[in-house]
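A short worksheet on the structure shown next.
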Amino acid sequence: MSLLAPAPLRAVVVDDEAMSRARLCRLLGLEADVEVIAECADGDSAVAALRRLPADVVFLDIRLPDLNGFGVLQALPVARRPQVVFVTAHAEHALRAFDADAVDYLLKPYSAERLGAALARVRRARAALAERPLRAVASGEGVREGYPQRLAVPVGARLRLLPVEEVECVIAQSNYVELHAGGQAYLLRETLNGIEARLDPRRFVRIHRSRIVHLQAVRDIEQLDGGRYLLRLVNGQRLGSGASYRERIREAMGLG
C-alpha cells in the first residue's frame with residue numbers, strides 16, 4: 001500500500017522590494033513541497049490575497065506601503081491567518097513578532113540554510129496542527145485559541161522561543177517578570193498583568209499579586225490560616241498565595 005505525500009505548502013510572499021521578493025520566491029521554488037501561490041508588494045494587496053487564497057504560510061515583511069506586516073495580520077480574521085514567517089531587515093520588531101505567534105523571524109540578508117530551518121519549523125507546526133484536533137477529540141478537550149504557544153525571551157544577544165507549556169511559574173520582579181522553566185529563570189520586560197493576559201487561564205492561575213503558576217506544575221497544596229495556601233511545585237519551589245486569591249485557587253484546583 002502506498003502512502004500519500006503531504007500536500008504542498010501554499011506560500012504567499014509579501015515584500016515591497018522586488019529583488020528581495022524575487023530571491024525568496026526563487027529559493028522557495030527549489031523546495032519540492034512548497035508552492036508560491038501569490039506575491040504581494042504592499043499590505044493592502046497582501047490582505048486581499050490572504051483573504052482570497054487558502055495559504056499555509058505567509059513570508060511577511062514588516063515595513064510595507066499602506067499597511068505594515070502587523071497590520072496585515074490584524075486585518076485578517078483569525079480563521080484566515082496562515083502561519084507567519086516574518087522576513088525583515090529590522091531586528092527591533094522580534095519580540096512583537098513572536099507575540100503575534102510567528103513561527104520564525106528571518107533577518108535580511110539570510111542564507112538558504114536559514115530559510116531551510118524556517119521551513120522545517122513551518123512543516124513541524126503544520127503537522128502539529130493536523131494532529132491537535134485528533135488529540136483534542138481523544139482527550140475530550142476542545143482547542144483553546146488565541147493564546148501564544150511560545151514566548152520570546154532574551155538570552156544574551158539571542159531570543160529563545162520558550163514553549164509556554166514548559167513555564168512552571170511566573171514571578172514579578174520590579175519592571176520585569178521572571179519565567180521559571182526547566183531549572184532556568186528568564187527575565188522578560190513585561191508586567192504580571194500583561195503576561196497573565198497572554199496565558200491560557202485553563203492552564204495558569206494567578207495565586208498572588210506577584211505570582212502565577214502552571215497548574216500542571218503543582219505537586220501539592222497546603223491550606224494555611226487566613227484563606228492562604230502553600231503550593232509546592234514539581235521543581236521544588238514553594239509559593240505562598242494571597243488571601244484575596246482564595247476562591248480563584250479553589251476553582252482552578254478543583255477544591256470545591
Side-chain angles (χ1 to χ4, degrees), residues 2-65 67-91 93-94 96-135 143 145 148-150 152 159 161 163:
S2 62
L3 296 177
L4 292 176
L9 280 170
R10 295 161 299 191
V12 172
V13 173
V14 184
D15 196 316
D16 63 328
E17 297 177 358
M19 291 182 63
S20 296
R21 196 168 62 248
R23 177 176 182 267
L24 179 52
C25 288
R26 178 177 60 79
L27 291 173
L28 291 174
L30 299 176
E31 301 286 334
D33 65 339
V34 178
E35 177 187 359
V36 177
I37 59 174
E39 300 178 39
C40 306
D42 59 75
D44 288 342
S45 63
V47 171
L50 290 167
R51 283 177 173 169
R52 184 179 73 255
L53 301 171
D56 296 306
V57 59
V58 57
F59 292 86
L60 184 60
D61 198 357
I62 291 179
R63 296 190 179 181
L64 295 166
L67 193 65
N68 68 23
F70 298 113
V72 169
L73 295 182
Q74 291 169 0
L76 295 172
V78 173
R80 297 292 298 175
R81 292 179 191 174
Q83 296 182 66
V84 182
V85 176
F86 283 105
V87 186
T88 178
H90 307 281
H93 302 293
R96 186 178 176 191
F98 288 115
D99 282 346
D101 212 15
V103 175
D104 210 338
Y105 190 92
L106 293 181
L107 272 176
K108 300 176 184 177
Y110 53 86
S111 65
E113 292 74 19
R114 182 65 184 86
L115 175 61
L119 283 168
R121 292 191 177 97
V122 171
R123 294 181 184 107
R124 288 196 297 270
R126 182 169 74 160
L129 284 171
E131 293 173 3
R132 190 167 63 177
L134 298 177
R135 291 198 302 268
V143 177
E145 301 291 349
Q149 301 301 306
R150 299 179 295 176
L159 288 172
L161 301 183

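When reading the values below, keep in mind they use all heavy atoms of this one structure, side chains included, and skip hydrogens, waters and symmetry mates. These figures come from a predicted structure and were not determined experimentally. Residue numbers count from 1 along this sequence.
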Answer whether the closest heavy-atom distance between the side chains of [X] and [Y] falls below 4.5 Å.
{"X": "D15", "Y": "L24", "value": "no"}
{"X": "V85", "Y": "L106", "value": "yes"}
{"X": "F59", "Y": "L119", "value": "yes"}
{"X": "P82", "Y": "L50", "value": "yes"}
{"X": "L107", "Y": "F86", "value": "no"}

Worksheet item: What is the distance from atom CG of D104 to atom CG of L161, rounded to the nearest 0.5 Å?
Response: 7.5 Å

Practice prompt. Hey, could you give me the CG/CG distance between D44 and L64, rounded to the nearest 0.5 Å?
Written response: 10.0 Å

Under 3.5 Å donor-acceptor pairs involving side-chain atoms of residues 70-77, not counting sequence neighbours:
none

Taking side chain to side chain contact (heavy atoms under 4.5 Å, CB included) as the test, write out the residues that go with [X], two or more places apart.
{"X": "L27", "value": "R23, L30, Y110, A112, L115"}
{"X": "A41", "value": "R21"}
{"X": "A38", "value": "V12, A49, L53"}

Worksheet entry | Which atom of L60 lies closest to which atom of G69, heavy atoms considered | CD2-O, 3.4 Å

Discussion item. How close do V103 and R150 get, counting heavy atoms only, and between which atoms?
Written reply: O-NH2, 3.0 Å

Response to the item:
By side-chain hydrogen bond (donor to acceptor under 3.5 Å, both in side chains), S45 pairs with (sequence neighbours left out) D42

Worksheet item: Do R123 and L9 pass the side chain to side chain contact (heavy atoms under 4.5 Å, CB included) test, and can you show the C-alpha distance, the side-chain angles, and the key distance before you say yes or no?
Response: CA-CA 8 Å; R123 294 181 184 107; L9 280 170; 3.8 Å; yes

Worksheet item: According to the salt bridge (charged side-chain N to carboxylate O under 4.0 Å, His left out) rule, which pairs have a member within residues 49-65, sequence neighbours left out?
Response: R10-D56, D56-R126, D61-K108, R63-E92

